[in-house]
Structure formats: structure tokens, C-alpha cells
Amino acid sequence: MKQGAVSLLTIMLAVLPGGVGIPSTASAETVLKTGGSGFGLGVMELLAEAYEKSHPGVRVTIVPSLGSSGGIKALLNGSLDFAVSGRPLKEDEKSHGGNAMELARTPFVFIVNGKVNKHDITTRELENIYSGRMAAWPGGAPLRLVLRPKTETDTAIIKGISPAMEQAMESAFAREGMIMAMTDQDSASAVDRVSGALGSGTLTQVLTEKRPVRILSLNGVRPSIKGIRDGSYPLAKTLYLVTSPKTPEAARQFIAFIGSKAGRQILSKYGNLAAEAR
Amino acid sequence: MNDRNRVIRITTAIAGAVAVVVTLLMPLGYFLISYRHMTGSLETEAEINSRIISELVNANPDMWRYEQVRLEELLARRPSGGAQETRRLLDLDGKTVAESVTPLTPPLLRETRDLKAAGVTVGRIEISRSLFPLLAGTGAAALLGLGIGLTVFVTLRVLPLRAVFRAEEELCRLNEELELKVEERTRQLAEAQDELVQREKLALLGMIAAGMGNELRNPLGVMSNAVYFLQSVQPDATETVKEYLEIIREEIDNSQRIISDLLDYYRITTPRTAVVPVDALIGESLARCSIPENIRLRTETAEMPFAVRVDSIQMGQVLRNLVTNAVQAMPDGGSLRIRARKVQGTRNEERGNKDLNLEPRTSNLEPCADFVEISVKDTGEGIAPENMTKLFQPLFTTKSRGIGLGLAISRKLIEANGGRIEVKSCLGDGTTFTVTLPVGG
Ligand SMILES: Nc1ncnc2c1ncn2[C@@H]1O[C@H](COP(=O)(O)OP(=O)(O)O)[C@@H](O)[C@H]1O
Ligand SMILES: [Mg+2]
């Protein structure tokens, strides 16, 4: 609460025209380094841009997707100032000083290549597609499935849709000719590139990266912020920010900005349901 | 008697030499071929994996080491049916960054590739496989070679001698009148002997071919994965590169088809017959052939549908072979007619085709038994008279890219299904293959 107020003040001062007021911390440029789970990097980029505009002395560098585990590891090794994660911390990550806070939730969506003539998908169809019983779109065009690694959150979410889905996913991993996308970005660009492709992603990633893929509604429900708030859309991914005792004060200020009204506006503009104010 | 000893000596020497060669050739050939393919596929595997991993490394040259979970998932991906491998990523200090371990029996074969980020080596990938299966296979091949060598020796050494001795004894016992008969007998024996040796040779060839075929499948699989990978990671490649990748992919497909033909020929299984409607059989086979537009296709089946008792998968393969040959015989277009009709078993004898009839007994016992005749007729280049007798021999082909197993497999399959195949051709006018099958239902 106190932090939020401080950062709001900072923004207001900085927004005033022509540098009226107290000169901001005009020492040498402060560089903040962050990275981690791919789906949150797009919105992080936008948040960074807004923050840099109001804090000329600060630059935020976002390294390409390392995955949640990779990001947290890099943070705890001191290579990042804070990390972006798609999952809560594991025990050993906590015991090494990691501290995660929930930032937002975004609808987890199924996406298809722009040329696929499909706007809605049902659980039954997904089960048939992942199990291999359905290998072509209605109309006969071949269907190419884009999978994520077994250890990824996305895979766990899809498996959790139904018991049949869990089995279907196992059989998808056992089949040959599947496209395996290592990062969230790879996944979206595979769907964008391969005709007939079906894959998964998040609303925020598709919006921030301006991907020309089609987001499918699930069992007739369009993925939206409202849908995950009222529970009518069932699938969501949670975005966490992870800090360590070594996270510098400048980074904590940026994080406070993310939690501020301006930050939350950017989050929700790009498909995220911001977490309740801390 | 001196002559007799010389015959024995010469026969023994020849039989011994052939047997030794066979015994040594089997394990040696097996080892050399397998080893070359193994090192080849290991190199490819290392190359592909180093490239995939390098891509990840390049995305984050100073932080890739933190991506252990991802790297291990990448390392764990293998083509199904591929060899057992242990894969390991090491940094410059030789420390393991990520690994995917399979327990391997020594001795090991290892292949290493450097990982580069922006031209600078940042680590290396190491892939190991066990040589043990190959050595065990070589041992098995040696045993097999020994068995075959002994068989060859016995066959070559004993049977001809026995035939000669028997003929000699007969000659001694029988008078001039019987001489002709004895000669006839000897000729038959020699023929039987020839056939036996021929069959032995074919069986050996078959085993080597099937073994090589199987060995080639792995590297081909790896190549096809590699091409697929290249096609999918390079959506922006130039048209020429795409075209060449497509050519490679087609050639790999071609090789895979040739190998499965080869394996098919040596692995024909006993048919699982069922009653199949003829028009469905023809329809399904045609659906799986691609017939170019410049060929007119006509199918004629009777109004009253009838059925045959055959293995539909095997007969489907036969019909596809015949249609493919017909299409290949008409490169500039023409017309293709497929006709099915019922005939009486006795008709063939009336027409005087008794020698072609493979089931004279059936026909004699049941002179009115019905058969179904399916004919595939093309207006293609026809077959030269001197080739008519060779068509069904394995490996006979007149095509630069043919393998010459299609008709050989077809005839084996048809005979296994209780039918027969005949051919009529007029050079320049076209060819008709007629398959006669037992009626069903
Ligand atoms: N319909 C046909 N017209 C002309 N020649 C044919 C026909 N079918 C088969 N042949 C001849 O028989 C040979 C052997 O055929 P096949 O066993 O199918 O092997 P392949 O097609 O690989 O050459 C062919 O190479 C060709 O010379
Ligand atoms: Mg052929």
C-alpha cells in the first residue's frame, strides 16, 4: 500500500511537462534485468516501456524466454534482478531465498493457424485431436498438432481438462510427426507458420506479440478476462513475479509500478486479470 | 574308379570353398555394414542435436545454462525405434549442464560436437551408443553363417555325388533299353539339385537384403526427420532450397518404398482369407493409386455383385502393383481398363491353357467350380516377346528406377491365395494382366 503510493507520486512527478519539480535520481543509468516464462514477457516489455518513459534513468532489459525454471534459477544465481514465472515456487527455490507474488491471471487459449476455418472447439474434439483419432479438419485439410514439453505448465493444464484428455496427451507424446515447441514464442510462431496447426497459448501473449493466429472459443465460451473472473471460461495461467534478497531497490520500485493503477491498466488492456491489490 | 575319386575331390573342394566363403562373409558383411550405418547415423544424430541445441544457446548466449529443464527435455526427444543413446551437454570446463541418460552396455561409441553461440564455442554435446547389440548381431550372423555354410557344403558335396553314384549304379544294373530312362532320371535329379542350390542362394541373398533393408530404415528415418526439421525451421528459405529439400524428401520416400518392397518379398505371410466383394476390392485399390490425368480409367464389374475369397490386403497390393505398372507403361497417356467377371473353372481347359492352370486337380474334381477373373488392361508400350518369360522373376526390371519385385511379389501373393496370374501383350499395343481368384460366398 505504502509502496503503491510512492510509485504513484513518482509517476505524477515525472509526467509533469518539462522536468518541473525535483530532478529524478539522475545518477548513471540504472539497468534492470529480468526474464523467465515466455508468455509474460510481452506484457513485461510494455510495462517496462511505460516505466522507462516516466523514469528516464532506468532501463529494463528483458532476456529471451528462459522458461519459469530457467528464470528462477538465473535469479537465484544473481544473473537476473527479478524473474517472471508461470508457476509458484518449489520448496528448494523458496529455501534459496526466492519469493513469489501473484501478478495476474490470463486465459489459457487454444489457437489455430489463420487459414484454419474453425472458431470454436469442444472438449470432445480436443480429446479426439490429441489422441490422434481426428487427424484432419472438417473438410479434409490435414491437422498439425503443436505440443509443448512434458514439464511445461501448458501440458499440465491441457491434461487437467479431463481424464480422457490426460490419456490423449500421453498418446500424442508417443506419436511421431508432432511439432514440439520449446518456448511459448516457438509455439505461437509454429501455429502461425504451419498450415493446419493447432496449439495452445495465452490471451496476453497473443495480444502483446500481435500474433496473426486465431483464438478459439472453448465449448462455445470466448476466452476473456471477464470469463476467468466469473469462472465461465475454465482455463487460465497465472503470472508470478519472483524476487530474491538480492533484488535491488530499483527493481522493487518497478515492481511497485506494476502493481499501481497504471501498471494494472496495462495488464488488463493486454488480456490479464490483475491480482487483487497487495 | 579313378574318375570317381577325382569327381569326389573336385566336388569336395568346390563345396568346401563355397561353404568357407559363406561362413566368413555373413558375420563380416553384417559387421561392416552395420558399423558403417551406426557411425553414420550417430554422426547425423549428433549434428542434428548440436544444431537444435545451438539454436537455444544462441537465443540466450550468457544464460542458456539455466535452461536445464528445457535442455533435458530436448535431449530426451528421440525418433521412435531409434538406437538407445546417452546424451550429455557439457560446458567449457567439462561440467555437465544437462543430460538424458540411458543405461548402456560397454563398449561405447561416442560422437562429440561443439556448441557455438555467435561463432564462439561455449560447450559441447556428447552422444554415446552401445556397440554391444552390433557385436551380438555379428555373433548371431556368425552362427547363422556357420549353419548356412554347413548346409551349403552338405548340399553341394553330398547331393550331386549321390545323384551321380545313383546314376552310375543304375547304369550298371540296367540294360541298354533302360539307359534312356536313367538319363531322364539323372536330368531330373540335376534339375532338382539346381533348384535347391538356387533356392539356397536366394534365401541367403534374401536374408542379407532383408538385414540391410532393416539397417537402412534407421538412417533413412533419421534423414527424413532431419529434412522435416529443416523444412520446419526454415520457412523463409529460398525457393531453390525448398525445392531441393522437397527433392531429398521424395528420394527418401522412394528409398523407403523400395526397402519395404524388398522386405515384403521375403516376408510374405500366410493369407487371412475372407469373402470380399470384388467391386470394393477394386475400388479401394484404385483409391490408393494416383492415376495421372492423361490416362482414361474405365472399370467394368458385373451388375450382380459377386465376391472372392482372398486376403484383401494382399490382393489390394497386387492390384496396386498391376495398376502402377500399367500407369508407368503409358507415360504419354492412354487408357486403363479394369474388368471383373465370373468364369467357369473348366473354361481354361477348353481354351487349351492347361499348362498355365495351376490348379488342374481342383478343376478336375470340380469341373464347374466358379472363378473370378480380374483383368488390368493398358494401351501402353507392351512387353517384348523375349521378356515375357522373365516378368515374374525377382529383380527383373526394364525401368531405370524399377526394382523388379512388383510382379514377383504379386505372383507369390496370388498363388498363396489359391489363384494364378497370366499376361498377354502385344509390343506397341498394350498389355493385359489377368488374375484368376477363387470365388467367395
Ligand atoms: N503393364 C505393363 N506394360 C509393359 N511392361 C510391363 C507392364 N507390367 C510389367 N512390365 C514389365 O515387367 C517388368 C517387371 O515389373 P515389376 O515386377 O513390377 O518391376 P518394376 O515395375 O519395378 O520394374 C517391368 O520392368 C516392365 O518391363
Ligand atoms: Mg512395378
Side-chain angles (χ1 to χ4, degrees), chain A residues 33-38 41 61-80 83 85-87 90 93 113 144 146-155 171 173-187 189-197, chain B residues 48-49 51-82 89 91 95 97-100 117-118 122 217-218 220-237 242 249 252-253 256 287:
Chain A
K33 213 166 179 191
T34 185
S37 185
L41 300 182
T61 313
I62 298 171
V63 304
S65 168
L66 292 168
S68 297
S69 301
I72 295 168
K73 221 169 168 187
L75 166 76
L76 298 177
N77 260 282
S79 298
L80 292 179
S85 168
R87 59 165 176 79
K90 296 178 183 157
E93 290 163 344
N113 180 276
R144 298 296 308 273
V146 179
L147 296 181
R148 303 303 314 280
K150 283 185 183 150
T151 47
E152 285 286 334
T153 322
D154 293 34
T155 305
S171 89
F173 276 114
R175 279 202 305 282
E176 253 171 293
M178 303 288 105
I179 303 173
M180 178 68 72
M182 290 318 286
T183 67
D184 295 324
Q185 278 69 27
D186 284 352
S187 173
S189 45
V191 173
D192 169 17
R193 214 176 50 215
V194 180
S195 61
Chain B
I48 293 175
N49 279 286
R51 284 177 191 217
I52 296 176
I53 303 280
S54 291
E55 217 178 299
L56 214 96
V57 169
N58 264 304
N60 263 320
D62 32 297
M63 297 218 184
W64 66 279
R65 229 167 307 199
Y66 297 124
E67 298 180 67
Q68 184 193 0
V69 177
R70 253 182 205 172
L71 291 168
E72 292 194 337
E73 184 110 26
L74 266 183
L75 291 179
R77 286 187 67 203
R78 326 250 157 128
S80 77
L89 293 184
D91 64 12
K95 254 185 24 208
V97 176
E99 60 186 358
S100 163
V122 294
R217 273 186 165 170
N218 263 337
L220 281 173
V222 172
M223 280 159 74
S224 122
N225 279 346
V227 171
Y228 173 72
F229 167 71
L230 285 178
Q231 285 181 326
S232 65
V233 295
Q234 305 211 333
D236 305 320
K242 282 185 180 161
R249 199 185 56 71
I252 294 173
D253 282 354
Q256 280 172 331

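Chain A is the first sequence line, chain B the second, and so forth, proteins listed ahead of strands; every chain is numbered from 1.
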Between B/Asp62, B/Val69, B/Leu56, B/Asn60, which shows the greatest number of heavy-atom pairs under 4.5 Å with chain A? B/Asn60

Name the member of A/Gly70, A/Gly67, A/Ala190, A/Ser65 that forms the most heavy-atom pairs with chain B at distances under 4.5 Å. A/Ser65

Any chance the side chains of B/Glu73 and A/Thr151 put a donor and an acceptor closer than 3.5 Å? yes

A/Arg144 portion near chain B, given a 4.5 angstrom heavy-atom threshold: side chain

Which one of A/Gly35, A/Pro149, A/Ser69 has the most heavy-atom pairs closer than 4.5 Å to chain B? A/Pro149

Closest-packed option against chain A by number of heavy-atom pairs under 4.5 Å, given B/Glu67, B/Arg70, B/Glu72: B/Arg70

So which part of A/Thr183 gets closer than 4.5 Å to some heavy atom of chain B, the side chain, the backbone, both or neither? both

Heavy atoms of other groups near B/Arg51 CZ, more than 12 under 6.0 Å: no

Nearest 0.5 Å, what's the CE-CG distance between B/Met63 and A/Leu80? 4.5 Å

Would you please say whether a donor-acceptor pair under 3.5 Å links the side chains of A/Arg193 and B/Ser232? no

Between A/Asp184 and A/Gly38 (side chain of the first, backbone of the second, donor and acceptor by atom type, cut-off under 3.5 Å), is there such a pair? yes

